[in-house]
Structures are given as C-alpha cells and as structure tokens.
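Take a look at the structure below.
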Protein chains: 2
Amino acid sequence: MGNPTIYDVARTAGVGVGTVSRVLNNSTRVSPETQEKVMSAIWALGYRRSKVARQLSTGIQHRNIGAIMPYITPPSFVERLRGIQMALSHQDNDFNLILYTVSEPDRQREQLLTIIDQSTVDGLLITALNISDEERSLLTQAGIPFVLLSDECNGENNCISPDNIQGGALATQHLLQLGHRRVAYVGDAFPNNYGIPTSELRYQGYLSALESYGIAFNSNYVALGVHGEEAAYTLTQALLNLPEPPTAIFAMSDIQAVGCIQAIRAAGLRVPEDISVIGFDDVQLSRYVGLTTIRQHLEQSGYMGMQTLLEMLNTPDQVLPRQLPPLELIVRGTTQPFNPVQGAG
Amino acid sequence: MGNPTIYDVARTAGVGVGTVSRVLNNSTRVSPETQEKVMSAIWALGYRRSKVARQLSTGIQHRNIGAIMPYITPPSFVERLRGIQMALSHQDNDFNLILYTVSEPDRQREQLLTIIDQSTVDGLLITALNISDEERSLLTQAGIPFVLLSDECNGENNCISPDNIQGGALATQHLLQLGHRRVAYVGDAFPNNYGIPTSELRYQGYLSALESYGIAFNSNYVALGVHGEEAAYTLTQALLNLPEPPTAIFAMSDIQAVGCIQAIRAAGLRVPEDISVIGFDDVQLSRYVGLTTIRQHLEQSGYMGMQTLLEMLNTPDQVLPRQLPPLELIVRGTTQPFNPVQGAG
DNA sequence: TACTATAGTGGAAGCGCTTCCACTGTTGAA
DNA sequence: TTCAACAGTGGAAGCGCTTCCACTATAGTA
C-alpha cells in the first residue's frame with residue numbers, strides 16, 4: 001500500500017522499531033552490524049521517514065507564514081517581498097516563510113483552498129491580489145489570519161495600502177505645476193484579471209488633479225494596455241503620433257515610465273526637454289534611471305504587513321485598521337517645466 | 001502544561017473529542033447548542049489545533065523545498081529566485097517553497113542545523129552561498145538532497161554555475177577588441193564573508209584576457225570594495241583621479257557598473273564617449289539602462305537548479321554533474337571603440 | 001565465583017488529531 | 001403501536017514517529 005513505515009524497516013531488518021529509530025537519529029548504542037542491517041533494509045524498501053510523524057512525536061512546533069502573490073515579475077512585488085522577509089528576520093521567532101505564486105487568476109481560489117485544507121500556514125500575507133468575499137470567509141472560518149498588501153482596501157481592516165487616488169493626483173499635480181497642460185496617462189487597462197484596481201485609482205487621481213486645475217479632459221491622452229514596459233512603449237508611440245501630442249506623461253508605474261521614455265527617445269525626442277515623464281512606485285530601478293516618481297515605500301509596506309500579521313498571530317482576533325504608507329514626490333531628472341517652444345512642436 | 005489539546009476542549013465543553021473535531025471541521029451533524037458550547041470552550045482555552053497532528057492523521061504529505069540565500073537584495077538573487085519559482089510551478093507537484101535568509105554569515109551553520117533538526121525540508125537549494133565540508137556532510141547524513149546555485153563548484157556535483165573566469169575574460173576581451181588598453185576592474189574585495197569567490201574568478205578572467213593581449217598589468221586599475229552601487233561609485237571616482245585614468249571599466253556586476261556610470265557622469269564625462277563600461281549578469285535593470293554586459297541567464301539557472309533538485313527527489317542518490325549555463329556578450333550602449341582623443345584626456 | 005556496570009536491544013506508550021463504528025433518542029410512515 | 005430511518009453524539013483506533021523502560025548478554029571488579 002502506502003509508503004513503508006519504520007515498522008516495515010524493522011521487520012525487514014529483523015530488529016525492533018526502537019533500534020531503527022536510533023539508527024535514523026544516528027544515536028549511539030547501536031552495534032555496527034545492526035546498523036548495517038537497518039541501513040540495507042531502509043535502502044531495499046526505499047524508506048523515507050515521515051516529517052510529520054517525527055514532528056508530532058518530538059513536539060516540534062512549526063509555524064508557517066504564507067506569502068501569496070502573482071508571479072514575482074514586477075519589481076514592485078519584489079520590493080514588498082524584501083520588506084516581508086526583513087520583518088520576519090528581525091523578529092527572532094522561527095516562522096517559515098512559504099512563497100505561493102498565483103500564475104493564473106482562475107487558480108487563486110483553488111490554491112487558497114489547498115492551503116486551507118492542508119493546514120499549511122498559520123497566517124497569510126496576500127500581496128497584490130484581490131480576494132473575494134467567499135475567499136475571505138473561508139480563511140476566517142479556517143481561523144487563518146491574513147493581511148492584505150494591496151492597492152485597495154475597500155474599507156477593509158488588516159490591510160496595508162497607500163492612497164492611490166491621492167498618489168495619482170500628486171503625480172499629475174507635479175506636471176501641472178510645471179506648467180504642462182497636455183498631460184497624458186499611461187496605465188493598465190482596468191479592471192485587470194486579478195481584480196486589482198490600481199490603475200483605475202491612480203487614473204481617478206489624474207482626473208481630479210486635471211479638474212482642480214480646470215483643465216478639460218481629453219480622452220486621447222488616456223492610453224491603457226497590459227502591464228509592462230513593452231505595452232507602455234507602444235502606447236506612447238501612439239501618443240506621440242497624435243496631432244497634438246502630450247508634453248508630459250504620467251505613467252502608472254515606474255516600469256511603464258521606462259517604456260514611455262524609451263519610446264520617446266526612439267522617436268528622436270528628449271526626456272525631459274521635449275516631454276516630461278513621471279512614474280509611480282519608486283522601485284530600485286528608478287534611482288538608477290533617474291526617474292521622477294511617486295515613492296510609495298514598498299519595502300516598508302511589506303515590512304508593516306508582516307509586522308501586522310505577526311501581531312495578529314500573537315493576539316488573535318485583533319483587528320488593526322487600514323494602514324497607509326506615506327506617498328512622496330521624488331523629483332529626479334525626467335520632468336522639467338513646460339517650455340512654450342515645445343508646445344509649438 | 002503545554003498548549004490545550006482537543007481533549008481539554010472536549011472536557012471543558014462537556015462533550016466528546018469526536019464532536020469537537022466535527023465542529024473544527026465544520027462538518028454537519030452537530031446541533032447548534034453543542035456547537036456553541038464547543039466554540040466557547042475553544043475560546044476560553046485559547047485552543048489552537050495542531051497542524052502537525054492534523055496532517056499526520058489525515059495522511060497529508062507535505063513536501064517542502066527550501067531556498068536559502070543571503071538577503072535578497074541584489075537583483076541577481078531575485079532573478080534566480082524567479083527561475084526557481086517558475087520551475088516549481090511548471091511541475092504540477094505540490095511542493096512548498098520555503099524561503100530562508102542568511103542575514104549574517106556566522107548564522108549560516110546554525111540555520112542549516114535548525115532546518116535539519118526540525119526536518120523542515122525535503123530538499124534544499126543553496127543560492128550564492130558557500131557551504132563547508134562539514135555542512136555538506138550534515139546534509140548528506142540527514143538525507144537532504146541539495147543543489148548549489150553558486151558561482152563556483154569546486155568540482156562539486158549537483159551544482160549550477162557559469163564559468164566565471166571565462167566570463168571575466170569575455171568582458172575584458174570585448175573592451176580590448178574595441179581598442180582599449182587602459183582597462184580597469186571594479187569588483188568585490190575577495191574573499192568575501194560568504195566565501196563566494198565570484199569577484200576573484202572574474203578578476204582572473206580579466207587578468208588572462210590582458211595577458212593574452214600582451215598588456216602589462218597595472219594594479220592601479222584594480223578597484224576592490226564592498227558589493228553595491230555606492231562602493232562602485234567611490235571606487236570609480238578614485239579611478240578617474242588617476243594621472244592616467246582608464247578608458248574602459250569592467251565592473252563585476254551590473255549594479256556596480258551602474259555605480260561606475262553615475263560616477264563618470266558626475267565627473268562631467270560621458271559614457272561611452274569618454275569611458276566605456278561593461279557589466280556582468282544582465283539583470284532586468286540592465287536592459288532599461290542600456291548597459292553592455294555579459295548575460296549569464298540567471299533566471300534559467302534558477303530554473304535548472306530547481307529541476308535538478310526535483311529529479312534528485314524523484315530518484316534518490318542520483319548524481320548530476322555540474323551544469324554550466326551559457327555566457328553571452330550583450331552589446332548595448334555603454335561601450336564603444338577606443339578614441340585616440342580620449343587617450344589624451 | 002558472585003556481583004555490578006554497561007552496551008545493545010525490543011516494544012509499549014504517547015504525541016494531537018481524524019474517522020469510523022456503535023449507541024441513543026426522536027421522528028414519521030405503515 | 002411498531003419499526004425504520006436518521007440526527008446527534010461518544011470514544012477507540014490509528015496515523016508514523018520518538019523515547020523511555022525493561023530486559024539480556026557481556027565485560028569488569030572484588
């Protein structure tokens with residue numbers, strides 16, 4: 001039937017289970033010959049000792065924290081993960097960090113169910129993922145505390161997320177203050193597959209900033225597509241081909257901002273002399289590239305998320321209100337005041 | 001004494017253990033009143049059900065793979081991690097990936113011991129870390145297969161690592177072929193704390209390339225420091241202040257190359273017009289920055305490492321020889337042919 | 001020679017759950 | 001009224017280990 005147990009090994013070797021266990025834990029007090037017999041029985045049966053049984057009988061308490069996120073491709077996920085890791089290693093507790101990847105949105109529910117069923121984790125950090133009410137209650141029922149490290153909390157507690165609307169406004173205001181009037185927005189098409197409304201929220205901020213400056217909305221200046229540098233590149237090309245191209249672009253993420261910049265340069269134009277570009281996130285890369293952006297302290301968010309979860313694990317049924325990491329305008333080299341000459345272009 | 005068990009709950013609630021278990025697994029067939037009693041007993045005792053016992057009795061087999069690495073700060077670790085993740089999710093097995101961070105080299109042994117003692121993992125992926133012979137034999141004794149994802153194999157099996165000497169030579173040759181003769185090397189001081197000889201190996205490649213071109217070695221052109229952009233920045237400043245500054249720099253990593261470039265620009269010089277810079281790794285960032293570099297397919301290495309480990313887990317005692325991911329010169333915008341005018345500078 | 005250490009071993013108990021079987025009441029159909 | 005069906009419950013067995021106690025055989029000591 002199933003896998004061989006220590007009893008099978010004992011029987012095969014013609015010894016007692018105690019002896020087998022002693023060999024397994026290379027304790028003393030086993031004669032070389034017996035050791036030999038046991039080893040060959042183990043080998044013959046292909047025996048592998050059960051982690052779980054061992055843990056139960058030795059009383060080892062394993063505590064696992066799961067971090068679940070989409071493929072860790074975008075730098076913004078990596079930064080959060082780094083913060084998560086850090087918070088965990090700063091506490092001197094022996095939690096294990098288990099990494100889960102949701103490769104396809106459809107599989108999210110299934111993966112959560114597996115995690116719950118197999119009681120793998122003591123707590124869950126849900127990053128850049130939206131969870132349904134059903135999933136939420138499944139977790140609650142199973143007694144698994146979780147914190148959301150997302151871009152939208154919907155009034156949810158135990159959630160770390162910045163004010164993306166405000167952030168979008170901040171970025172747009174920066175461009176408007178510099179005198180730009182033809183300001184474009186490059187972002188993800190919304191709603192996206194994972195149900196994360198980041199792009200939509202930042203777009204709302206963009207709109208409100210335009211409005212507060214009394215600038216008429218121009219739908220030509222809104223370019224939406226899949227997430228990533230390549231799509232941003234293509235969208236920007238289209239923007240540049242407009243009869244009246246924008247003089248400034250707000251890209252909803254740094255990665256997309258980089259795509260914009262590349263497209264602008266490929267078109268023989270300069271950043272920021274001809275077109276200003278501002279991003280969002282302030283990932284590591286942005287410092288190297290010298291990108292003006294909105295810093296949202298991603299690493300710190302991850303850190304806060306893990307801290308919150310650890311607190312919840314220590315004192316159950318604790319409810320911590322939403323925490324908003326601060327947003328900050330970081331002016332580097334990709335934005336500059338509007339130059340009237342440029343408007344003529 | 002220890003934590004309350006299901007028996008304590010049953011006694012407190014005045015019911016049988018079966019009933020408590022039924023409540024816990026919210027199965028049917030428990031009357032609302034009983035449910036209520038059990039719940040309040042659970043609450044009163046602060047009962048939390050044991051993962052391990054549950055897993056043992058339900059026969060759930062958990063298989064864990066640990067990935068152990070230094071703080072995941074350098075992008076090169078992240079890229080490998082991404083490959084590791086990918087390989088795991090492509091197989092449809094239900095392994096969990098546990099992330100371990102070695103924050104200080106001194107704690108490495110201790111952490112490995114904990115992992116072994118608590119029998120947490122079925123296999124281990126050791127990334128960018130050197131392990132001693134003792135640690136090696138501890139793992140072997142404990143029957144935990146592992147693969148090294150490192151920069152040096154020392155003739156070791158089950159190890160994925162590129163030929164760093166060749167890579168160093170490749171980078172240097174590229175600069176020499178472009179006509180540069182004053183070529184500097186910027187890298188980590190060796191040996192480093194984790195015992196990883198990456199810098200030393202690439203430096204050897206640098207030396208051999210110089211030699212094959214018959215160029216006299218100049219120790220002023222070797223700048224060693226801690227890993228990272230900042231140190232590279234400082235080292236480059238010193239290089240630029242030399243009476244005869246180099247006309248080209250080989251930085252041992254892309255991150256350091258970025259530091260070099262920033263220092264060069266800060267000094268009012270241009271890349272590559274005044275000084276050429278080549279990096280190593282080809283991390284994501286490098287594409288955005290337009291850096292000439294040596295691609296070592298980090299993500300693919302991670303992928304190969306995980307695949308190898310999975311094979312070892314399926315067919316124990318398998319020994320796979322060292323695998324060398326290919327190295328490739330990627331010419332982008334930070335190197336150009338030596339310009340005699342520049343030599344005068 | 002008689003006794004005590006001690007090396008070497010077998011096996012029961014126990015880790016904290018789940019699950020199955022047995023049991024008691026209660027309901028509703030015949 | 002009698003019986004089957006079933007909701008609701010208790011508790012033993014078992015998951016695969018470790019560990020402790022009991023036991024035997026041998027070596028060492030007086």
Side-chain angles (χ1 to χ4, degrees), chain A residues 1-39 41-42 45-64 116-120 122 142-144, chain B residues 1-39 41-42 45-64 116-120 122 142-144:
Chain A
M1 265 279 297
N3 293 327
T5 73
I6 202 173
Y7 284 94
D8 300 319
V9 175
R11 203 180 318 114
T12 306
V15 300
V17 286
T19 303
V20 176
S21 181
R22 258 164 252 136
V23 171
L24 251 19
N25 298 304
N26 53 26
S27 91
T28 50
R29 307 212 163 187
V30 178
S31 75
E33 308 89 69
T34 311
Q35 181 133 359
E36 181 54 39
K37 278 193 296 184
V38 172
M39 288 310 281
I42 286 175
L45 292 170
Y47 167 80
R48 304 183 2 147
R49 120 174 107 181
S50 151
K51 265 200 317 284
V52 178
R54 182 166 141 83
Q55 284 169 181
L56 180 59
S57 77
T58 51
I60 290 173
Q61 286 293 349
H62 263 273
R63 308 198 73 188
N64 299 330
I116 294 172
D117 270 10
Q118 311 199 337
S119 58
T120 327
D122 297 282
I144 299 178
Chain B
M1 264 281 297
N3 293 327
T5 73
I6 202 174
Y7 284 94
D8 299 319
V9 175
R11 201 179 320 114
T12 307
V15 300
V17 287
T19 303
V20 176
S21 180
R22 258 165 252 137
V23 172
L24 251 19
N25 297 304
N26 52 28
S27 93
T28 51
R29 308 213 161 186
V30 179
S31 76
E33 310 89 68
T34 312
Q35 182 134 358
E36 182 55 39
K37 279 193 295 183
V38 172
M39 288 309 280
I42 286 175
L45 294 170
Y47 168 79
R48 305 185 1 147
R49 121 174 104 182
S50 151
K51 267 202 315 283
V52 179
R54 181 167 142 83
Q55 284 169 180
L56 180 59
S57 76
T58 51
I60 291 172
Q61 287 292 350
H62 263 274
R63 309 197 72 187
N64 299 330
I116 294 173
D117 269 10
Q118 311 199 339
S119 57
T120 328
D122 298 287
I144 299 178

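Here is how names work: the chains are called A, B, and so on, in the same order as the sequence lines, proteins then strands, and each is numbered from 1.
- The side chain of A:T34 places an N or O atom within less than 4.0 Å of a non-bridging phosphate oxygen (OP1 or OP2) of C:dT9.
- The phosphate of D:dC17 has neither OP1 nor OP2 within less than 4.0 Å of any side-chain N or O from A:S50.
- The interatomic distance linking A:L56 (CG) with D:dC17 (P) rounds to 12 Å, in whole Å.
- Distance alone, capped at 3.5 Å, is enough to place a donor-acceptor pair between the B:T58 side chain and the B:R54 backbone.
- Taking atom CD on B:Q55 and atom P on C:dT19, their separation rounds to 13 Å, with Å as the unit.
- Looking at heavy-atom distances under 4.0 Å, A:V15 makes contact with sugar-phosphate atoms alone, never a base.
- As a whole-Å value, the separation of B:Y47 OH from C:dG16 C1' is 7 Å.
- For the pair B:K51 (side chain) and A:H62 (backbone), a donor-acceptor distance under 3.5 Å is present.
- One finds a side-chain N or O of B:S21 lying less than 4.0 angstrom from the OP1 or OP2 phosphate oxygen of C:dT18.
- Here B:R49 reaches the OP1 or OP2 of C:dT18: one of its side-chain N or O atoms lies under 4.0 Å away.
- Atoms CD (B:E33) and P (C:dT26) sit 13 Å apart, rounded to a whole Å.
- A close approach under 4.0 Å does occur between a side-chain nitrogen or oxygen of A:N25 and OP1 or OP2 of D:dT18.
- Residue A:G59 is out of contact with every strand shown, counting any heavy-atom pair closer than 4.0 Å.
- Between the side chain of A:N64 and the main chain of A:D122, no donor-acceptor pair closer than 3.5 Å is present.
- Remark: P of D:dA7 and CD of B:Q35 are 16 Å apart, rounded to the nearest angstrom.
- Side chain of A:V17, nearest nucleotide from D:dC15, D:dG11, C:dA12: C:dA12.
- Atom P of nucleotide C:dA12 and atom CD1 of A:I6 are separated by 14 Å, given to the nearest angstrom.
- The 5' end of DNA chain C is approached more closely, in terms of each residue's nearest nucleotide, by A:S31 than by the other of A:Y7 and A:S31.
- Rounded to a whole Å, the NZ atom of B:K51 is 14 Å from the P atom of C:dT18.
- For B:L45 and C:dG16, the CG to C1' distance is 15 Å, given to the nearest whole Å.
- Remark on DNA chain D: of its neighbouring residues B:G16 and A:T58, the 5'-side contact belongs to B:G16, judged by nearest-heavy-atom nucleotide.
- In this structure, the side chains of A:L24 and A:I42 come closer than 4.5 Å at one or more pairs of heavy atoms.
- Applying the 4.0 Å criterion to OP1 and OP2 of C:dG10, one finds that A:R22 has every side-chain N and O outside that range.
- B:T12 places a side-chain N or O within donor-acceptor distance of the main-chain N or O of B:D8, the cut-off being under 3.5 Å.
- The side chain of A:S57 lies closest to C:dG14, out of C:dG16, D:dT9, C:dG14.
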